[in-house]
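The structure appears right after this line, and notes come after that.
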Amino acid sequence: MAVAVEAGSAAGRPFEVRPLHDALGAEIIGITLEDAVGEAMFARIYEVFLEHKLILFRDVDLPPATQVAFARRFGEVQVHVMNQYHGYSEHPEIYLLTNLDADGNPNGRHPDKGTLYWHTDGSWRPTTGHATMMYSEVVPAEGGETHFADMVGAYEALSPDWKARIDGLKAIHNLDFSRTRRHDHEPMTAKQKAEVPPVAHPIVRTHPETGRKCLFLGDHAESIEGMDYDEGRALIEELNALATPDELVYRHRWSPRQCAVWDNRCLLHRATEYDPAAERRVMRRCTVLGDRPY
């Protein structure tokens, strides 16, 4: 797909912006991440983030401390309740996704099968995810992509009947539900489950900064408040399928040393399969907390 490059000077920005897809995503070219963390530069970076919903930096060095510092420019960084993914004792904000053993060899286990299904980070919290920052250290030769789906476009594409049907409905988001059903064991301890009880959020949320309406569901959504469980499950599954047509999905193939930041308030995302017994994949994630959806 041919995309235009938006010159920095034309937009009053000291960098170039290259759209990645018609629906979402833009690559930022011409600055370092150290530049991006600065007060004046970050304001311009954030404009692109809101406009394109996802921003990408290629071929960058991002040590864990710099990653956390950059994530903090977006807001408070989450320390995930599933502390088995805390890969750095000095940086518990980093959620480490790796299939490597202590010797650096593939261990044959996918680190988090829940990531393979459409979801939005932190929707299981009262204050949901604002942004997620992912950095690629090691990527497989095949598979291990991340796909993103535009939930503004998904809502706008719904028929008037669908919009009327879901107006005012709330979904119950539950981390224990999504993680337990996607793994072949219970990955959360009783203490972890108690720390994140199920929470209700509107199926249609208003983006707090752009004012645009978007669908807010994904794999963490278990049931519909006030609705029969099976009926609610069927509604969620149908809407999740409707929300991800090809034309609204950007498929990102990672290379090492890339940093992507996306807006959890208006995107779903999922990883794709890879062979964890033969391939290596190491990704570092920070999730920035936002507000309560309305």
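Values below: all heavy atoms of this structure, side chains included; hydrogens, waters and symmetry mates excluded.
For the residue pair Asp150 / His21, no side-chain donor-acceptor distance below 3.5 Å is found, with atom types taken as modelled. Residues Asn240 and Tyr117 bring no donor and acceptor atom of their side chains to less than 3.5 Å of each other. Using modelled atom types and a 3.5 Å distance limit, the side chains of His130 and Arg265 yield a donor-acceptor pair. When only modelled atom types and interatomic distance are considered, Tyr250 and His252 share a side-chain donor-acceptor pair under 3.5 Å.
Salt bridge status for Arg182 with Asp112: absent, with no side-chain N to carboxylate O gap under 4.0 Å. Checked for salt-bridge contact, Asp246 and Arg251 meet the test: a charged N lies under 4.0 Å from a carboxylate O.
Taking Ser178 as the reference, Leu175, Asp219, His220 meet the side-chain contact (heavy atoms from CB on, under 4.5 Å) condition, with sequence neighbours excluded.
Not one N or O on the side chain of Gln258 forms a donor-acceptor pair closer than 3.5 Å with the backbone of Ser136. A donor-acceptor contact shorter than 3.5 Å links the side chain of His86 to the backbone of His80. When atom types are taken as modelled, the side chain of Arg284 and the backbone of Gln67 share no donor-acceptor pair closer than 3.5 angstrom. Distance alone, capped at 3.5 Å, is enough to place a donor-acceptor pair between the His201 side chain and the Ser123 backbone. Listed for the Asn99 side chain is no donor-acceptor partner under 3.5 Å among the backbone atoms of Pro111. Remark: side-chain polar atoms of His52 are not paired, donor with acceptor, to backbone N or O of Leu54 under 3.5 angstrom. Checked by atom type and distance alone, the side chain of Thr244 never pairs as donor or acceptor with a backbone atom of Ala149 at under 3.5 Å. In terms of modelled atom types and a separation under 3.5 Å, the side chain of Arg18 and the main chain of Ala26 share no donor-acceptor contact.
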**Request:** Go through the steps to decide whether Thr210 and Val152 satisfy the test side-chain contact (heavy atoms from CB on, under 4.5 Å), and finish with yes or no.
**Result:** CA-CA 11 Å; Thr210 68; Val152 174; 5.9 Å; no
Decide yes or no on side-chain contact (heavy atoms from CB on, under 4.5 Å) for Met133 and Tyr135, but give the supporting numbers first. CA-CA 7 Å; Met133 176 182 297; Tyr135 182 70; 5.9 Å; no
Going through the distances and angles, do Asp61 and Thr66 end up as a side-chain contact (heavy atoms from CB on, under 4.5 Å)?
-> CA-CA 9 Å; Asp61 291 319; Thr66 306; over 6 Å; no
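Residues Glu27 and Leu20 are in side-chain contact: their nearest non-hydrogen atoms beyond the backbone lie under 4.5 Å apart. Side-chain contact between Thr120 and Leu268 is present, with at least one heavy-atom pair separated by less than 4.5 Å.
What you find for Ile236 and Ser223 is that their closest heavy atoms are CD1-N, 3.5 Å.
Aromatic ring centres of Trp262 and His147: separated by at least 6.0 Å.
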Could you give the side-chain donor-acceptor pairs of residues 69-79 under 3.5 Å, partners two or more places apart or in another chain?
| from | atom 1 | to | atom 2 | distance (Å) |
| --- | --- | --- | --- | --- |
| Arg72 | NH2 | Glu93 | OE2 | 2.7 |
| Arg73 | NE | Val37 | O | 2.8 |
| Arg73 | NH2 | Glu39 | OE1 | 3.4 |

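Met151 and Phe216 are members of different hydrophobic clusters when ILVMFWY side chains are connected at heavy-atom separations under 4.5 Å.
Under the 4.5 angstrom side-chain criterion for Ile, Leu, Val, Met, Phe, Trp and Tyr, the cluster partners of Val282 are Val68, Tyr88, Ile94, Leu96, Leu100, Val138.
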